[in-house]
Trainee: 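For reference, the structure I am asking about is given below.
Source: prediction; values computed, not measured. All values below come from the heavy atoms of this structure, side chains included, with hydrogens, waters and symmetry mates left out. Here is how names work: the chains are called A, B, and so on, in the same order as the sequence lines, proteins then strands, and each is numbered from 1.
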Protein chains: 2
Amino acid sequence: MKSPDSRTQADIAFELLQTAIVKGEIPAGQKISEADLMQKFGYGRGPLREALHRLEGRGLIIRKAHSGAKVVSLSVEELIDLYEVREALEGMAARQAARRMHTDEIDDLKRLLESHARQIEEEQGIAYCQREGDFDFHFRIISGSKNQKLSQMLTGELYHLLRLYRYRLSTFSGRPEKAFREHWRIIEALEERDGELAELLMRRHISAARQSIEKRYREGQLKL
Amino acid sequence: MKSPDSRTQADIAFELLQTAIVKGEIPAGQKISEADLMQKFGYGRGPLREALHRLEGRGLIIRKAHSGAKVVSLSVEELIDLYEVREALEGMAARQAARRMHTDEIDDLKRLLESHARQIEEEQGIAYCQREGDFDFHFRIISGSKNQKLSQMLTGELYHLLRLYRYRLSTFSGRPEKAFREHWRIIEALEERDGELAELLMRRHISAARQSIEKRYREGQLKL
DNA sequence: GACTTCATTTTTGTTTACAATTTTCAAAAT
DNA sequence: ATTTTGAAAATTGTAAACAAAAATGAAGTC
C-alpha cells in the first residue's frame, strides 16, 4: 500500500499560489491573470481556476467577473481591524494555553525564548521582532490553546494576511528588548497556570504593536 | 444603463449552496455529488465545481480527490472550540461597540430589547433564545464594533457554522429570562460607554451558553 | 484637443469530451 | 462464512473548444 498521494494539480497549484502570495512573491494588489499563471506554473487553466476559487473563498484574492483577480491589499484601517481581531483571539489562546499546555511544552518554549535572548545579545538587539522567532513564539502559544478552530483562524487566515505586511511593518519596529520582556512575562504566567494574566499580557503585547503601527502611520513613516 | 448584474452562474450557485447548507436544507455530514447538484439546480458542472471550491475555501465543505464532497459536521469538541472563539470575538466586539456605536444606534437596540421583553411576557418566556431576536441583538453589537474584519469573521464564518446547529441547540436552551437580563446589562454598559464592562458581560453571556451546552451533552440530552 | 463611438482584442465564463481514480459489487478462494 | 481479487460502474480531475463580457485603441465628431 503506497501512499495514495491523491494531491491533485489543483491542490498543488493552490498551495503554491497561497505561499507565493503570503511570502510576498506576488505583491499585494497585483493583478493576476490565468494566462500568466499558466505560463508561470505550467498547469492547465482548469486546475488554476479551481485554485483561484479556493483562494477567493479564503479571502486572499478578489475576483471580478470577466475582469480578473487581484491579490487583496489592506488599507491602514483594515490592518488595524486585523490587529484588534488578533488581540482578541491570541488573548483567548494564551488563556487556554495556560490551562492546556503540557509542562514540557512550556519548558520548550522557555528554551526557545532563552535562545532568542542570546541572539539579541549577540546581534545587538537587531530585529528580534522581525525574525521568525516572534512567529515561533506566537505560533506555539496558539497551538498550545488546543483549540483547533482558533488555531485555524489565526494561522490559516489572519497570519497569511498579516504576513503580507510583515516585512514592511518590521523594518521600523525597533522594540526588540521590549517585545522580549513581554514574551518572557507571558511565559511566566503560563508556568503559573494563570490564564487570566496570560490573556491580559498577550493582549497588551499585541495592543502595543498595534499602537506602534498607528503612531508610525500618523507620522508618515509607514505608507500603505 | 441597466444593471450590469455580472453575477455569474458560479456566483449564484455558490450563494444558493451556501444558504442551503447554512439553513440546514443540506444536512451536516451529507455527501454531495456534482451530478446530484446538476440535476437539482440545473447548472452545468463547471459552475458547480467552482462554487464547491469556494465553499471548500470557506470551510463549509470538505472534499477528497475523486471521492466527493461532504458538508462539514462538528463534533462536540469542535462546537465548544467555536464557542470559545465566539467568546473572544464578540467580547472584543462589545468593547469596541461601547466606543463606536452612535447613541441613536444604542437607543434602537434598547427599543429592540424592550419589544423582546413584551414578547417574553406574552408568550410566557417561550424560547427567547431560539428566536431571531437573539441573533438580532448579537448582530447589532457586532456591526456596532465598526470593525469590518471582525464582523466578517463572525457573521461570515462562525455564525454560518453555528446556525447549522442552532435548531438542535435551542430546543432545550430554556433560559430565556436569564439571557434577557444579560442582554439588558450589556446595553447598560454600552450606554455608559464602558467598553471593559461590556466585554466582560458579553463574554460571561456566551460562556454561560457554552457551559449550558457542555452540561446538556454530559447529561446525554444533546447528541451530535 | 478632448470626448464619444465602435470594432478589435484580450480575458474570463461555460460547455463538452476525455482521462484517471475510487468505489462497488460479484465471483472465487481460503 | 469471511476475505480477497478483479472488472465494471460511477465520480471526479483535466484538457480543449466555444461563448460572452470587458478592456483597449483607433477613428470620427464636436
Side-chain angles (χ1 to χ4, degrees), chain A residues 1-21 25-73, chain B residues 1-21 25-73:
Chain A
M1 241 179 261
K2 58 174 180 290
S3 82
D5 209 2
S6 70
R7 270 173 39 132
T8 175
Q9 290 186 55
D11 292 333
I12 302 174
F14 169 72
E15 292 173 20
L16 283 177
L17 272 173
Q18 173 164 283
T19 62
I21 291 174
E25 293 163 19
I26 305 177
Q30 170 138 340
K31 266 190 187 172
I32 43 186
S33 76
E34 296 173 1
D36 292 347
L37 294 178
M38 281 178 66
Q39 169 176 323
K40 187 172 179 179
F41 289 99
Y43 290 116
R45 204 159 73 97
L48 262 323
R49 283 179 64 82
E50 302 192 346
L52 288 178
H53 277 280
R54 274 198 260 177
L55 289 171
E56 183 185 17
R58 281 218 162 186
L60 281 175
I61 67 175
I62 295 174
R63 295 169 28 113
K64 226 176 67 185
H66 301 101
S67 166
K70 67 171 199 278
V71 179
V72 292
S73 71
Chain B
M1 238 179 263
K2 58 174 177 289
S3 80
D5 211 0
S6 72
R7 270 172 40 132
T8 175
Q9 291 186 54
D11 292 333
I12 302 173
F14 169 72
E15 290 172 22
L16 283 176
L17 273 173
Q18 174 165 283
T19 61
I21 290 175
E25 294 162 20
I26 305 177
Q30 169 139 343
K31 266 190 187 173
I32 43 186
S33 76
E34 296 173 0
D36 293 346
L37 294 178
M38 280 178 66
Q39 169 177 322
K40 188 170 179 180
F41 289 98
Y43 290 116
R45 203 159 74 94
L48 263 324
R49 282 179 65 82
E50 302 192 346
L52 287 177
H53 278 280
R54 274 196 259 179
L55 290 171
E56 182 187 17
R58 280 220 163 184
L60 280 175
I61 68 175
I62 295 175
R63 296 172 22 114
K64 226 176 68 185
H66 301 103
S67 166
K70 67 172 200 280
V71 179
V72 293
S73 71

Trainee: Please pick, from dT23(C), dG13(C), dT15(C), the nucleotide with the shortest atom-to-atom distance to any side-chain atom of K64(B).
Mentor: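 Of dT23(C), dG13(C), dT15(C), dT23(C) is nearest to the side chain of K64(B).
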Trainee: Below the 4.0 Å mark, does dT12(D) have OP1 or OP2 next to a side-chain nitrogen or oxygen of R45(B)?
Mentor: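 Result: no.
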Trainee: Rounded to whole angstrom units, what separation is found between the CD atom of E50(B) and the P atom of dT14(C)?
Mentor: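 Going from E50(B) (CD) to dT14(C) (P), I get 6 Å.
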Trainee: Round to the nearest Å and state the distance from R49(B) atom CZ to dA17(C) atom P.
Mentor: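 Taking atom P of dA17(C) as the reference, CZ of R49(B) is at 17 Å.
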Trainee: I12(A) CD1 to dG13(D) C1': how many Å, rounded?
Mentor: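 In whole Å, dG13(D) C1' lies 12 Å from I12(A) CD1.
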Trainee: Between dT14(D), dT14(C), dA22(D), which one does the side chain of A10(B) approach most closely?
Mentor: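 Of all the options, the side chain of A10(B) is nearest to dT14(C).
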Trainee: Do E34(B) and L48(B) make a side-chain contact, defined as non-hydrogen atoms from C-beta onward lying under 4.5 Å apart?
Mentor: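 SC-SC contact between E34(B) and L48(B) ruled out.
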Trainee: Counting only heavy atoms not in Q39(A), do more than 12 fall under 6.0 Å of its CD?
Mentor: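 No, not enclosed.
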Trainee: Check whether any side-chain heavy atom of L37(A) sits under 4.5 Å from a side-chain heavy atom of R49(A), and report yes or no.
Mentor: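 With C-beta onward as the side chain, the pair stays apart.
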Trainee: Considering only dT15(C), dT12(C), dT21(C), which nucleotide approaches the side chain of H66(B) most closely?
Mentor: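 Among the listed nucleotides, the one closest to the side chain of H66(B) is dT21(C).
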Trainee: Does any non-hydrogen side-chain atom of I21(A) lie less than 4.5 Å from one of Q30(A)?
Mentor: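 Q30(A) vs I21(A): side chains apart.
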Trainee: What residues from residues 29-44 of chain A pass a heavy-atom cutoff of under 4.0 Å to DNA chain D?
Mentor: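 The stretch gives G44(A) as the residues lying under 4.0 Å from the strand, ordered by number.
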Trainee: Take the protein atom CG of L48(B) and the nucleotide atom C1' of dG13(D), then report the distance between them rounded to whole Å.
Mentor: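 Whole-Å distance recorded here is 15 Å.
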Trainee: Compare the minimum distances between each of dG13(D), dT15(C), dT14(D) and the side chain of Q9(B), then state the nucleotide with the smallest one.
Mentor: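 The listed nucleotide nearest to Q9(B)'s side chain is dT15(C).
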Trainee: Which whole-number value in Å describes the distance from E56(A) CD to dT12(C) C1'?
Mentor: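 After rounding, the gap between these two atoms is 13 Å.
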Trainee: Give a yes/no answer on whether the side chain of R63(A) brings an N or O atom under 4.0 Å of OP1 or OP2 in dT12(C).
Mentor: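 No, outside the criterion.
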Trainee: Are the side chains of R63(B) and H53(B) in contact, using a 4.5 Å heavy-atom criterion?
Mentor: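 SC-SC contact between H53(B) and R63(B) confirmed.
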Trainee: With nearest nucleotide decided by heavy atoms, which residue, G68(B) or P47(A), maps closer to the 5′ end of DNA chain D?
Mentor: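 Going by which nucleotide is closer to the 5' end, it is G68(B).
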Trainee: Give a yes/no answer on whether the side chain of S67(A) brings an N or O atom under 4.0 Å of OP1 or OP2 in dA23(D).
Mentor: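 Result: yes.
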Trainee: Of all the heavy-atom pairs spanning G44(B) and P47(B), show the shortest one and how long it is.
Mentor: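 Residues G44(B) and P47(B), closest heavy atoms: O-CD, 3.6 Å.
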Trainee: Would you say a side-chain N or O of T8(B) is under 4.0 Å from OP1 or OP2 of dT12(C)?
Mentor: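 Negative; the distance criterion is not met.
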Trainee: Just wondering, do L60(A) and L17(A) contact through their side chains at under 4.5 Å, heavy atoms?
Mentor: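 In short, these two side chains do not touch, never coming nearer than 4.5 Å.
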